Structures are given as C-alpha cells and as structure tokens.
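Reminder, nothing fancy here: chain letters follow the sequence lines and each chain counts from 1. Owing to the predicted nature of the structure, the values given are computational and were not obtained by experimental measurement.
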Amino acid sequence: MSTRRLFDIDGRTERYRSVLRENWFTYLLIMPVLLFLIVLMWLPFLQGIYMSFNEWPFGGDPTWIGAANYEFLLNWEPFYTSLKATAIFSLTTVFQLGVALAAALAVRELRRGKSFVSAAFLLSYTMPPLVIGTIWAYLLEPDFGPVFGYLTELNVLGETIYWGSSGPMSLAVVMFVTTWTFWPFMFLIISASLESIPEELYESARMYGAGPVQTFLRVTLPQLKSAILVALSIRIIWNMTKISQVLQLTNGGPGYDTSILAVLLYQFAYERGQMGISYAIGIVLLVMTLGFVFVFIREFERASEGAGA
Amino acid sequence: MSTTGYDATGVTLKATAYGVVAFLVLANLVPFLFILSVSFMPPSEFFTDPHLVPYEPTLEAWTSGFEELRGNLVNSFLIGAGTALLALVITIPGAYAFARKEFYGKTAGFYAIISAMMFPYILLVIPIMDLWTALGVYNTIFGMILAYQVFVTPFSIWILRDFFENLPTDIEEAAQVYGCTQFTAFVRVILPLAAPGIVAVGFLAFLTGWNDFLFANLLTTGTGPVPAVPVLYGTIGGGSGERVYWGKLMAETLIIGTPPTIIYLVARNYLESAFSV
C-alpha cells in the first residue's frame with residue numbers, strides 16, 4: 001500500500017484497474033452499504049436542497065421559486081422565536097453530560113450492585129422517546145398529575161402551575177424531559193471509557209500525593225476526553241432533531257415558544273404540506289447543528305491543550 | 001494528621017457517590033411506579049388526591065389498551081424484525097471487508113459511512129416521503145424497513161467491524177487449510193465467532209424500528225400499517241385539553257415500552273460490549 005505512485009498520472013488508470021482486478025470481491029462486499037447510503041441519504045439530501053428552492057406541495061407539482069422560501073423565513077417573526085428556542089434547547093446536551101458524568105463517576109465507586117444500578121439508569125433510554133414523553137405529560141399534568149398534586153398537597157406550592165401557558169416554563173419542561181430521557185446514552189459511553197482507564201495511572205497519582213480533585217482533573221478527565229467528545233457531538237445533533245417529546249408535551253406552543261427548528265420543519269411538512277419551506281428550515285437546522293459541533297470541537301481542543309495534561 | 005484528612009475526604013467522596021446513585025435510581029424508577037399504579041386505577045380515581053396504591057385496582061385499562069393496540073403492535077414487530085434482518089444482510093459483508101481486507105479507499109469509505117451517523121436524519125424524512133410516494137412504497141411496511149436502514153447501517157458497520165477486527169488474525173487461512181473455501185470459512189468460522197456483535201446489532205436495529213416516531217408517523221397514514229408508537233401521539237395531541245383516559249394511556253405506554261426493556265435486559269451484555277468506544 002505505497003502512496004509513492006499516487007501522483008504518477010500515467011500509472012494512475014492502470015493502477016485503478018489493477019486495484020479493481022485484485023480486490024473486486026472486497027468491493028462487492030461493501031457495495032450494499034454504500035449503495036444504501038447513497039440511495040437513502042445522499043440522493044434524498046440533494047433532492048431536499050432542490051426542494052427548498054421550490055414551492056413544493058406534498059404529492060403535487062413543484063414550481064421553481066428561487067430563494068423565496070428562505071426569504072419568507074427571514075421575514076417571518078416566529079422563525080426568530082424558533083431560532084432562540086433551538087439555541088436554549090440545545091443546552092439540554094450540557095445537562096445530559098453533567099448528569100451522565102456524575103452518574104458514571106459515582107457508579108465506579110460502588111462495590112456491588114453496579115449491574116442493577118446501570119439497568120435502572122437505562123430504563124428511560126430503552127423505551128421509545130414518545131412513550132417517555134407521554135408518561136411525563138401525565139406526571140406533569142397540572143390538574144391531576146402526581147407531581148403538582150403532591151407539591152400542592154404538601155404546601156410546597158400554593159396552587160398548581162399551568163406551565164403549558166407560559167413560554168419559558170414550557171421550554172424548561174421540554175428540556176427537563178429531554179435530559180431525563182437521553183442522559184443514559186452518555187452514561188453508557190462515559191462509563192465504558194471510565195472502566196478502561198488503567199489502574200496504574202491512579203496508583204502513580206496516589207504515589208505523587210495527588211488529592212481526589214487533582215486526580216480527577218489530571219488523570220480521569222484527560223482519559224475521558226475522546227469519549228466525551230464522541231458522546232457530546234452525537235448528542236448535540238440527535239437532541240436537536242428529536243421532536244416526538246416536544247410534540248407530545250407542548251406541540252410547539254404556547255405560540256411558537258417551544259417550536260425548535262425541527263418541530264417547525266415537521267409542522268410545515270405534516271400539517272401544512274409545504275415541503276419546500278420545510279426543507280429550507282432543515283437547511284438552517286443543518287447549518288446550525290454543524291456550527292455547534294464545529295465550535296464545540298474547537299473549544300474542546302483548545303481547553304484540553306490549555307490543561308496541558 | 002494528613003492520613004485522617006485523607007480518610008475524611010475519602011468517606012465524603014464515598015457518601016456523595018452513594019447519594020448520587022441513590023438519587024438517580026429513585027429519579028428513574030419512581031416515575032414508572034406512578035405510571036404502573038395509574039394504569040390499574042379506574043377512571044374515577046385520577047381526579048382524587050394523589051396516591052400511589054390504587055383503592056380499587058382494575059385491569060380494564062390494560063385489556064382495552066391492549067385491544068386497541070394489537071394490530072399496531074404486530075406492525076411494530078414486523079417493522080423491527082425486518083429492519084434488523086435487512087440491516088444484518090447489508091452490513092455483515094461490508095463490516096467484514098472493512099475489518100479484514102486491505103483495499104484502496106478503505107479508510108475514506110469507512111469514515112464516509114460512519115459520518116452518516118452525524119447527519120440530522122430529520123432532513124431526510126421530507127425527500128423520502130416524496131421519493132417513497134413515487135416508488136410506491138409510501139405507507140407500506142417494506143418502505144419503513146427500507147427507510148430505517150439509514151439510521152441503522154452506520155452504527156451496525158461500526159460495531160460489527162470492531163467484532164470482526166478482534167478475531168484472531170489468519171483464522172480464515174487456518175480454516176482453509178482444513179478444507180474450507182473462503183466462503184465456508186466465513187460462514188462456519190467467522191460468523192459464529194462474531195455472534196455477540198451480530199446479536200447486539202440485531203437488537204439495536206430492532207429497537208430503532210420499534211422506538212422511532214418520526215419516520216413511523218410521516219411515512220404512514222391512518223389507513224396504512226401504523227406501528228404502535230405514533231398511536232400514542234394521537235391521544236393527547238400536545239395537551240389540547242381534551243378528556244383523556246389517562247389510565248388506559250399509561251397502560252399503553254407500558255405495553256409499548258415493555259418489549260424494548262425486556263430486549264435490553266436480555267441483551268445487556270452484548271450491548272454493553274458493543275458500546276465501548
């Protein structure tokens with residue numbers, strides 16, 4: 001596998017041909033996956049970009065309208081509400097990391113019962129998110145759900161809170177439920193990585209007289225770096241595109257206060273049948289997601305260089 | 001003196017750890033206890049003061065919930081099983097090639113597939129709705145199975161490649177010495193050894209098909225093969241304030257939520273080994 005002939009133009013086609021001849025069976029093996037991803041991902045994605053420049057009713061005939069869908073969004077007040085909601089909502093990823101890190105570090109200290117504890121943790125993650133959303137819709141129902149029922153009975157609250165009619169409170173509820181549902185995913189990845197840190201590192205840290213805080217900052221965190229990086233990047237993207245719980249809990253309301261971009265996309269496609277605008281929202285969502293991931297990875301690199309460990 | 005100081009922090013740490021674990025376990029289990037209790041309550045009991053043990057437990061919510069969902073549960077099962085099977089057929093050869101063959105473009109191809117995991121899938125739903133209508137698989141079980149491959153194939157390749165990679169090198173050649181062809185060596189030696197990974201991928205794919213809401217809701221209509229999850233969405237419609245028989249709804253959430261939980265508990269060891277990064 002030398003690369004020295006890579007820039008030799010004459011030899012190139014011949015090289016490709018011989019590569020194909022030698023490895024045709026291997027290429028045949030990976031063909032199904034590549035084919036499926038092209039047909040299921042890249043073709044729809046490209047078609048979607050084209051759709052966003054059209055007036056495209058579901059099942060109807062498209063009309064080319066240039067950038068009008070994007071212009072519509074930029075001049076549409078709720079779009080900005082939605083952008084703001086999306087930005088705030090994305091903080092759920094940070095909360096998930098916090099809970100997952102605390103849980104993983106705490107579980108490591110356990111002598112026994114680890115298996116039971118992690119099974120209990122993962123309960124919320126294995127069930128369909130919409131099921132969890134429905135469960136919380138009941139638990140947090142203001143009139144007869146148990147949460148506010150107990151809070152008023154125990155006089156913690158004077159009267160129940162109709163959170164559904166307040167934008168900030170609805171957003172808080174949606175973020176709480178999302179965090180509650182998805183933190184176990186990060187817990188899985190972080191605790192697997194925690195288990196694999198070699199014990200010698202801790203022994204030598206102890207020998208040099210490092211305290212628990214120092215050990216955590218100098219040994220544990222740097223070792224967890226790639227696990228946290230992977231978990232956070234995946235969850236940033238996945239959290240921003242999960243809509244079932246938001247739909248079930250608030251349906252994007254009140255007004256557009258909890259309509260994160262993904263929900264807006266859904267509403268335009270499903271309720272209004274305007275696929276073009278819907279995909280234009282999707283493009284904005286994609287850019288925003290990639291932006292978040294990019295900024296996060298850059299900051300992460302910088303922070304870990306600064307730590308010097 | 002420093003030793004006592006160290007012990008004190010040690011004890012505090014342990015206590016904090018146990019406290020965190022206890023809190024999180026309760027936070028995860030108590031909500032389900034309430035749901036379980038409500039699912040046994042007759043409708044009249046929800047509106048009284050909150051209580052955990054039903055005064056007059058009844059199975060009505062469970063039987064009527066199950067009755068209502070039966071057809072949808074069958075759809076969900078078919079979709080989940082089909083997704084798992086198709087995913088394995090597509091990804092086992094690919095993962096094997098990425099793990100044990102050398103070829104031009106290997107690294108680039110692998111990352112092209114894995115990076116699909118980072119793609120916000122919601123962007124694909126809309127064109128796929130359109131495409132599936134054109135292809136005539138909109139509103140069919142096969143169409144859903146096909147669509148879920150976009151979620152499932154990247155992580156299947158990722159997990160399976162690791163399993164194939166960790167098998168002893170030259171094991172195929174050893175099998176060939178004993179008279180296997182390349183193909184029978186793969187079927188009779190490699191596949192059985194990679195079984196834990198295959199099981200893990202199969203279960204994860206099944207869970208994807210069973211748990212998803214987005215594709216399930218957008219690629220079916222009321223007249224088609226609707227799986228169980230979207231049925232729940234119709235019920236409270238984002239708190240529209242209609243009268244809801246919460247007991248039945250909660251029984252339904254548990255009916256839909258139980259199969260994935262059982263699968264997870266059965267397949268835990270496989271899944272956890274698959275998740276280490």
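Taking every heavy atom of both residues into account, B:P127 and A:P44 meet most closely at CG-O, 3.1 Å. Nearest heavy atoms, B:A17 versus A:A106: O-CB, 3.5 Å. The heavy-atom pair separating A:P128 from B:G257 by the smallest distance is CD-CA, 4.2 Å.
Both the backbone and the side chain of B:I126 come within contact range of chain A, with heavy atoms under 4.5 Å apart. Using a 4.5 Å cut-off between heavy atoms, A:L290 does not touch chain B at all. Only the side chain of B:F32 comes within less than 4.5 Å of a heavy atom of chain A; its backbone N, CA, C and O stay farther away. Neither the backbone nor the side chain of A:E195 comes within less than 4.5 Å of any heavy atom in chain B. Contacts of B:L249 with chain A are made by side-chain atoms alone, with heavy-atom separations under 4.5 Å and no backbone atom involved. Only the backbone of B:A147 comes within less than 4.5 Å of a heavy atom of chain A; no side-chain atom from C-beta onward does. With a 4.5 Å cut-off on non-hydrogen atoms, B:I90 touches chain A through its backbone and its side chain both. Heavy atoms closer than 4.5 Å to chain B are found in the side chain of A:M51, but not in its backbone. Proximity to chain A (any heavy atom under 4.5 Å) is restricted, for B:V38, to the side chain, taken from C-beta onward. Neither the backbone nor the side chain of A:Y50 comes within contact range of chain B; no heavy atom of the residue lies under 4.5 Å from a heavy atom of that chain. Proximity to chain B (any heavy atom under 4.5 Å) is restricted, for A:L285, to the side chain, taken from C-beta onward. With a 4.5 angstrom heavy-atom cutoff, A:S115 touches chain B via backbone and side-chain atoms both. Heavy-atom distances place both the backbone and the side chain of A:L110 under 4.5 Å from chain B. Of the atoms belonging to A:F36, it is side-chain heavy atoms, and not backbone ones, that fall under 4.5 Å from chain B. With a 4.5 Å cut-off on non-hydrogen atoms, B:N217 touches chain A through its backbone and its side chain both.
The greatest number of non-hydrogen atom pairs below 4.5 Å with chain B, out of A:I135, A:L139, A:L37, A:T134, is found for A:I135. Interface check for chain B: of the options A:W238, A:W136, A:W183, A:F121, the most heavy-atom pairs under 4.5 Å are formed by A:F121. Of the listed residues (A:M31, A:M275, A:M41), the greatest number of heavy-atom pairs within a distance under 4.5 Å of chain B belongs to A:M41. Between chain A and the residues B:L24, B:I263, B:V20, the largest count of heavy-atom pairs under 4.5 Å involves B:L24. For the set B:Y121, B:F213, B:F23, B:W210, the entry with the most heavy-atom pairs within less than 4.5 Å of chain A is B:F213. Interface check for chain A: of the options B:T261, B:D130, B:I256, B:L146, the most heavy-atom pairs under 4.5 Å are formed by B:D130. Put simply, of B:T153, B:I92, B:T133, B:V229, the one with the most heavy-atom pairs under 4.5 Å next to chain A is B:V229.
For the atom pair OG1 (B:T91) and CD1 (A:I30), the distance works out to 13.5 Å, reported to the nearest 0.5 Å. Atom CZ of residue B:F103 and atom CG of residue A:L29 lie 8.5 Å apart, to the nearest 0.5 angstrom. With rounding to the nearest 0.5 Å, the separation of CD1 in B:I128 from CD in A:Q47 is 10.0 Å. With values rounded to the nearest 0.5 angstrom, A:Y125 atom OH is found 9.0 Å from B:N211 atom CG. For the atom pair B:I122 CD1 and A:I243 CD1, the distance stands at 4.5 Å (nearest 0.5 Å). With values rounded to the nearest 0.5 angstrom, B:L123 atom CG is found 10.5 Å from A:I281 atom CD1.
Here the side chain of B:Y233 pairs no donor or acceptor atom with the backbone of A:S244 at under 3.5 angstrom.
At least one side-chain heavy atom of B:Y104 sits under 4.5 Å from a side-chain heavy atom of A:Y27. Using a 4.5 Å heavy-atom cutoff, the side chains of A:F144 and B:W246 are in contact. At a threshold of 4.5 Å between non-hydrogen side-chain atoms, the residues A:W180 and B:N28 count as touching.
Environment of OH in B:Y18: crowded, with over 12 heavy atoms of neighbouring residues, nucleotides or ligands closer than 6.0 Å.
A:Y138 pairs by the side-chain hydrogen bond (donor to acceptor under 3.5 Å, both in side chains) definition with nothing, not counting sequence neighbours. A:E109 meets the salt bridge (charged side-chain N to carboxylate O under 4.0 Å, His left out) test with B:K14; sequence neighbours excluded.
Ring orientation note: the planes of B:F34 and A:Y150 are nearly perpendicular, at an angle over 60° on the 30°/60° scale.
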